[in-house]
There are 2 protein chains.
Amino acid sequence: MLQVLLLVDLDNDTSVPVFQVCEWHSPEQLKKLLDLELRDGGEAESEILQRCRDAIRYSVKTRIILHIKSHTYVISIRYTYEVAPVFTLMEDAVLRKMIKVIGWEEGGDGIFNPGGSLSNMYAVNLARYRYCPDFKEVGMFSAPRLVILTSQECHYSISKGAALMGIGTKNVYTVPTDERGRMIPSALEEKIMLAKSEGAVPFMVNATAGTTVLGAFDPIDEIADICEKHNLWLHVDACWGGAAIMSKKHKHLLKGIHRVDSVAWNPHKMLMASLQCSAFLVRDKTSLLQHCHSARASYLFQQDKFYDVSYDTGDKSVQCSRKPDAFKFWLMWKALGSRELEQRVDRALAMARYLAEEIKKREGFRLVLEPEYANVCFWYLPPSMRNLPESPELWKKLHTVAPVVKQRMMKKGSMMVGYQPLGEKANFFRMVVISPQVSRQDLDFVLNEIHNLGKDL
Amino acid sequence: MLQVLLLVDLDNDTSVPVFQVCEWHSPEQLKKLLDLELRDGGEAESEILQRCRDAIRYSVKTRIILHIKSHTYVISIRYTYEVAPVFTLMEDAVLRKMIKVIGWEEGGDGIFNPGGSLSNMYAVNLARYRYCPDFKEVGMFSAPRLVILTSQECHYSISKGAALMGIGTKNVYTVPTDERGRMIPSALEEKIMLAKSEGAVPFMVNATAGTTVLGAFDPIDEIADICEKHNLWLHVDACWGGAAIMSKKHKHLLKGIHRVDSVAWNPHKMLMASLQCSAFLVRDKTSLLQHCHSARASYLFQQDKFYDVSYDTGDKSVQCSRKPDAFKFWLMWKALGSRELEQRVDRALAMARYLAEEIKKREGFRLVLEPEYANVCFWYLPPSMRNLPESPELWKKLHTVAPVVKQRMMKKGSMMVGYQPLGEKANFFRMVVISPQVSRQDLDFVLNEIHNLGKDL
């Protein structure tokens with residue numbers, strides 16, 4: 001959306017000095033020119049358009065030398081300040097703002113990644129590096145068996161990461177959750193003790209803020225106590241739930257997040273930056289991210305440059321070129337201001353609340369649990385099943401309803417609402433409400449349509 | 001560029017049935033409707049526009065239920081056919097075509113990744129998985145020391161990958177290169193024997209097709225002989241050099257690539273798909289990619305769906321949602337045809353050849369080596385240095401020239417040409433020519449400008 005603005009604007013904009021590849025400014029000068037600060041209030045469209053012009057003006061333009069077509073200006077972050085001065089500073093500004101919102105008063109570090117899965121993997125890698133930096137060089141062949149602790153409801157990227165990173169899926173110890181899908185702190189401590197008793201080395205805990213299916217928030221504060229006691233890295237996968245921190249009303253869900261070591265937070269979810277926009281944030285101030293991931297390629301990170309090379313942030317990443325995902329979020333924040341971002345969250349959760357209340361009112365609908373976030377999980381019972389006694393047979397029958405209703409809605413094309421089983425629970429629908437433009441009528445439509453599609457089952 | 005087309009088109013296009021979330025077709029039906037085949041000839045703009053309309057028509061549209069703004073249709077691949085029917089099939093089609101071009105006659109598998117670094121890491125992970133699938137579950141704590149072999153000129157992602165994946169940078173054994181930057185096969189075999197003599201387990205060789213600095217191509221055929229003999233996975237990092245395979249004239253650079261196990265190839269480089277567009281291709285036909293990376297999340301990969309779930313390709317990735325990068329390349333290939341892609345490569349290499357000849361003609365310029373690809377590496381000697389005898393002092397002086405010229409060109413904004421040292425070699429410029437729109441005049445300008453900026457040094 002913003003990219004379109006930018007690109008369309010470009011072709012007719014004579015204010016951009018097209019005969020210069022770049023208009024050089026030092027990082028400190030450019031920071032002043034760009035007014036990077038993100039504020040409570042938003043800005044008018046004309047101001048945002050000017051910010052797009054500025055982004056173009058001070059970016060490196062490849063038109064002259066390489067004659068790439070006029071609107072394919074290089075818009076990647078790549079790896080050094082000199083090739084991406086604007087986006088490097090914007091990434092820095094938006095990361096700092098997110099760090100402030102999280103409440104890390106002494107600052108921190110971070111980077112945007114192509115997806116929350118990779119952010120979670122970065123957390124595992126940093127936690128491992130802090131535990132023993134030597135693994136980076138010598139590998140894990142003679143290491144003690146390392147163990148990651150996470151709830152049984154966590155995102156599958158923890159398990160994928162453990163496999164990729166040579167830790168192994170069996171060394172991801174899953175901690176039981178309570179009836180709402182939240183990690184049970186006492187169970188966490190038991191699992192830590194179990195790992196230790198086996199001679200293994202627990203080195204990190206992954207807490208989830210907003211689980212994928214139920215939208216549950218692990219109790220960060222209590223988990224942080226345990227991590228401090230056992231000296232474990234505490235990562236919070238807040239990819240989905242991180243948005244709640246923008247809301248005074250809902251930030252209690254993330255209570256204690258200022259105490260954790262790292263956070264994955266995807267503004268492309270509830271805050272609705274366009275996909276992909278995933279931040280990885282780390283409380284460390286000792287360049288752990290850089291030390292853990294750097295390869296110091298001499299063809300990129302020359303030390304004989306004429307500017308402060310600490311702005312060459314590329315070596316913090318395991319990638320080489322990256323997309324300038326931070327720009328989307330920076331510009332959006334500029335346009336909307338923190339206040340409107342807060343309202344987005346509040347509106348989305350109010351809508352989820354409305355949907356949950358409707359479900360409770362309507363015959364044939366049953367909540368899986370009271371939502372505390374935007375995930376509304378529910379069963380639909382066709383009339384033929386409504387008077388059956390609670391029994392394994394009922395649940396077995398009910399298990400087949402959601403797949404058929406889903407198939408019918410897709411073939412009709414009327415809507416798409418996902419379903420899944422969970423543990424012992426039969427297939428249920430999961431409706432996730434995020435857009436500020438969803439109306440109550442839309443949600444009524446969803447419930448009516450499910451009934452219409454499934455009433456004969 | 002293509003995205004703009006698509007988005008702008010959308011808002012005024014009444015042919016798109018906006019009141020349907022999706023128009024359901026089975027994978028086999030949809031394949032016929034989309035005409036996915038990539039041919040030698042290109043298509044007219046009107047046809048390409050129709051293909052964009054079709055892509056929208058058959059994609060899942062989130063407008064109705066979630067009321068995301070009209071032009072932010074979900075355009076991610078995500079993980080399942082049902083949410084990304086069009087892009088799933090297009091990714092499949094373009095991967096098959098690339099596999100065919102590579103010459104894997106029995107087919108293969110693949111996926112698009114956010115960057116070539118990740119593709120190279122996928123190769124390491126698959127090679128490791130083939131060597132011992134158990135590592136996925138148990139980690140590498142009791143594994144023998146694994147060793148990756150690669151040339152000293154390889155991309156730094158091999159080393160970053162080794163660190164991330166628990167193998168360790170010290171277990172990346174670098175093989176010496178010849179004077180042109182190509183891996184020396186006999187030296188490779190020596191390093192393999194060295195690793196074995198140490199009790200370590202060499203399990204993969206990374207050959208580079210188009211090194212970052214010199215544009216060198218490792219001799220794949222000879223390396224494949226060695227890998228077969230020692231039963232090692234052979235990966236080719238052809239992120240940069242893969243484009244040469246499109247050209248009858250230049251494909252010899254990749255001779256033997258049909259024999260390798262996996263290839264990383266970035267169409268966003270010489271073929272100029274917009275960043276990011278990076279394919280990872282694997283010759284295996286036993287679903288190794290799926291087995292190696294799968295986590296089988298029950299909320300996504302339900303087995304009780306009503307279509308062939310082998311089209312749910314998301315579990316081949318270590319990511320969750322992904323961008324539909326394949327679409328950019330598919331559409332570009334449709335528009336240009338294989339023939340025009342071939343001409344792009346031929347033109348780019350002809351331009352590099354022109355630049356090299358100019359450098360040889362001009363006083364004060366000296367080639368680092370004759371280019372065999374698009375990388376033209378050269379020194380500029382200011383007049384004050386031209387009559388100095390070849391000596392360490394000359395090279396020490398010369399080492400300081402490129403950084404100063406670079407600084408001056410950036411402050412002036414006239415162009416950006418990178419420089420770097422390499423081994424014992426003093427800082428030299430590296431000009432990489434890719435755009436079909438670069439003219440000989442542009443290249444003359446580059447050399448003139450370097451002289452103008454550096455003649456007083």
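Remember, it's a predicted structure, so these values are computed and weren't measured experimentally. These numbers come from the heavy atoms of this one structure, side chains and all, not from hydrogens, waters or symmetry mates. By convention in this document, chain letters (A, B, ...) are assigned in the order of the sequence lines, proteins followed by strands, and residues within each chain are numbered from 1.
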A.B. asks: Give me the atom names and distance for the closest heavy-atom approach of A/F141 to B/I167.
C.D. replies: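 In this case the closest contact between A/F141 and B/I167 is CE1-O, 3.3 Å.
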A.B. asks: Under 4.5 Å from any heavy atom of chain A, what part of B/Y122 do you find: side chain, backbone, both or neither?
C.D. replies: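 For B/Y122, there is no contact with chain A at all, as no heavy atom is under 4.5 Å.
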A.B. asks: NZ of B/K136 to OG of A/S159: how many Å apart, nearest 0.5 Å?
C.D. replies: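 One gets 7.5 Å once the value is rounded to the nearest 0.5 Å.
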A.B. asks: For the candidates A/T400, A/D315, A/L443, which exhibits the highest count of non-hydrogen atom pairs separated by less than 4.5 Å from chain B?
C.D. replies: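 Most pairs with chain B among the choices: A/D315.
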A.B. asks: One thing to verify: whether B/K170 and A/D134 come together as a salt bridge, which I'm taking to mean a side-chain N less than 4.0 angstrom from a carboxylate O.
C.D. replies: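 Looking at A/D134 and B/K170, the cut-off is not met.
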A.B. asks: Contact part of B/V318 toward chain A, heavy-atom cut-off under 4.5 Å: side chain, backbone, both or neither?
C.D. replies: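 The answer is both parts of B/V318.
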A.B. asks: When heavy-atom pairs shorter than 4.5 Å are enumerated against chain A, which of B/C292, B/S317, B/C22, B/G116 gives the highest number?
C.D. replies: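 That would be B/C22.
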A.B. asks: Where does A/H155 contact chain B at under 4.5 Å (heavy atoms): side chain, backbone, both or neither?
C.D. replies: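 Contact with chain B is through the side chain of A/H155 alone.
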A.B. asks: As an exercise, state the distance from CG of B/N125 to NZ of A/K160, rounded to the nearest 0.5 Å.
C.D. replies: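 Atom-to-atom, B/N125:CG and A/K160:NZ are 11.0 Å apart.
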A.B. asks: With a 4.5 Å cut-off on side-chain heavy atoms, are A/K305 and B/P403 touching?
C.D. replies: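 Not in contact.
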A.B. asks: Which one of B/A163, B/G161, B/S142 has the most heavy-atom pairs closer than 4.5 Å to chain A?
C.D. replies: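 That would be B/A163.
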A.B. asks: Quick one: what part of B/N266 sits under 4.5 Å from any heavy atom of chain A, side chain, backbone, both or neither?
C.D. replies: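 Neither the backbone nor the side chain of B/N266 comes within 4.5 Å of chain A.
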A.B. asks: Counting C-beta onward and ignoring hydrogens, is there a side-chain heavy-atom pair between A/V404 and B/F306 closer than 4.5 Å?
C.D. replies: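 No, side chains not in contact.
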A.B. asks: Tell me which of these, A/S278, A/G115, A/A143, A/S157, has more heavy-atom pairs under 4.5 Å with chain B than the rest.
C.D. replies: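 Maximum pair count with chain B is reached by A/A143.
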A.B. asks: Pick one of side chain, backbone, both or neither for B/T212, based on which atoms fall under 4.5 Å of a heavy atom in chain A.
C.D. replies: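 Interface part for B/T212: side chain.
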A.B. asks: By a 4.5 Å heavy-atom criterion (distance strictly below it), what part of B/L422 contacts chain A: side chain, backbone, both, or neither?
C.D. replies: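 It is neither, since no heavy atom gets under 4.5 Å.
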A.B. asks: For each of A/N427, A/V124, A/L146, A/V213, tally heavy-atom pairs with chain B at distances under 4.5 Å, and name the one with the top tally.
C.D. replies: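 Highest number of pairs under 4.5 Å: A/L146.
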A.B. asks: Looking at chain B, which one of A/R296, A/E82, A/H25 has the largest number of heavy-atom pairs inside 4.5 Å, strictly under?
C.D. replies: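 Of the candidates given, the most pairs with chain B belong to A/E82.
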A.B. asks: Could you have a look at A/Q407, A/R430, A/Q420 and say which one has the most heavy-atom pairs with chain B under 4.5 angstrom?
C.D. replies: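 The candidate making the most pairs under 4.5 Å is A/Q407.
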A.B. asks: How far does CG of A/D304 sit from NZ of B/K406, to the nearest 0.5 angstrom?
C.D. replies: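 One gets 10.0 Å once the value is rounded to the nearest 0.5 Å.
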A.B. asks: Apply the test side-chain contact (heavy atoms from CB on, under 4.5 Å) to residues B/W24 and A/K412: give CA-CA distance (whole Å), side-chain angles for both, the deciding distance (0.1 Å), then the verdict.
C.D. replies: CA-CA 8 Å; B/W24 172 260; A/K412 184 176 171 192; over 6 Å; no
A.B. asks: Walk me through whether B/Y156 and A/C320 qualify under side-chain contact (heavy atoms from CB on, under 4.5 Å).
C.D. replies: CA-CA 9 Å; B/Y156 66 72; A/C320 188; 3.4 Å; yes
A.B. asks: Check step by step if side-chain contact (heavy atoms from CB on, under 4.5 Å) holds for B/L118 and A/L118.
C.D. replies: CA-CA 10 Å; B/L118 280 160; A/L118 281 159; 3.9 Å; yes
A.B. asks: State the CD-CE distance between B/E23 and A/M410, to the nearest 0.5 angstrom.
C.D. replies: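 The CE atom of A/M410 is 12.0 Å from CD of B/E23, to the nearest 0.5 Å.
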A.B. asks: What is the distance from atom CE of A/M121 to atom CE of B/M165, rounded to the nearest 0.5 Å?
C.D. replies: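 Between A/M121 CE and B/M165 CE, I get 10.5 Å after rounding to 0.5 Å.
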A.B. asks: Between A/K323 and B/L275, which heavy-atom pair has the shortest distance, and what is it?
C.D. replies: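 Shortest heavy-atom separation between A/K323 and B/L275 comes out as NZ-O, 3.2 Å.
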A.B. asks: Looking at A/G418, A/A162, A/P421, A/P144, which has the largest count of heavy-atom pairs under 4.5 Å with chain B?
C.D. replies: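 Counting heavy-atom pairs under 4.5 Å, the top option is A/P144.
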A.B. asks: For the backbone of A/G139 and the side chain of B/R145, can you confirm whether one donor and one acceptor N or O come within less than 3.5 Å of each other?
C.D. replies: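 Checking the backbone N and O of A/G139 against the side chain of B/R145, no donor-acceptor pair under 3.5 Å is found.
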A.B. asks: Could you tell me the separation between the CD atom of A/Q276 and the OG atom of B/S321, rounded to the nearest 0.5 Å?
C.D. replies: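 Separation between the atoms: 9.5 Å.
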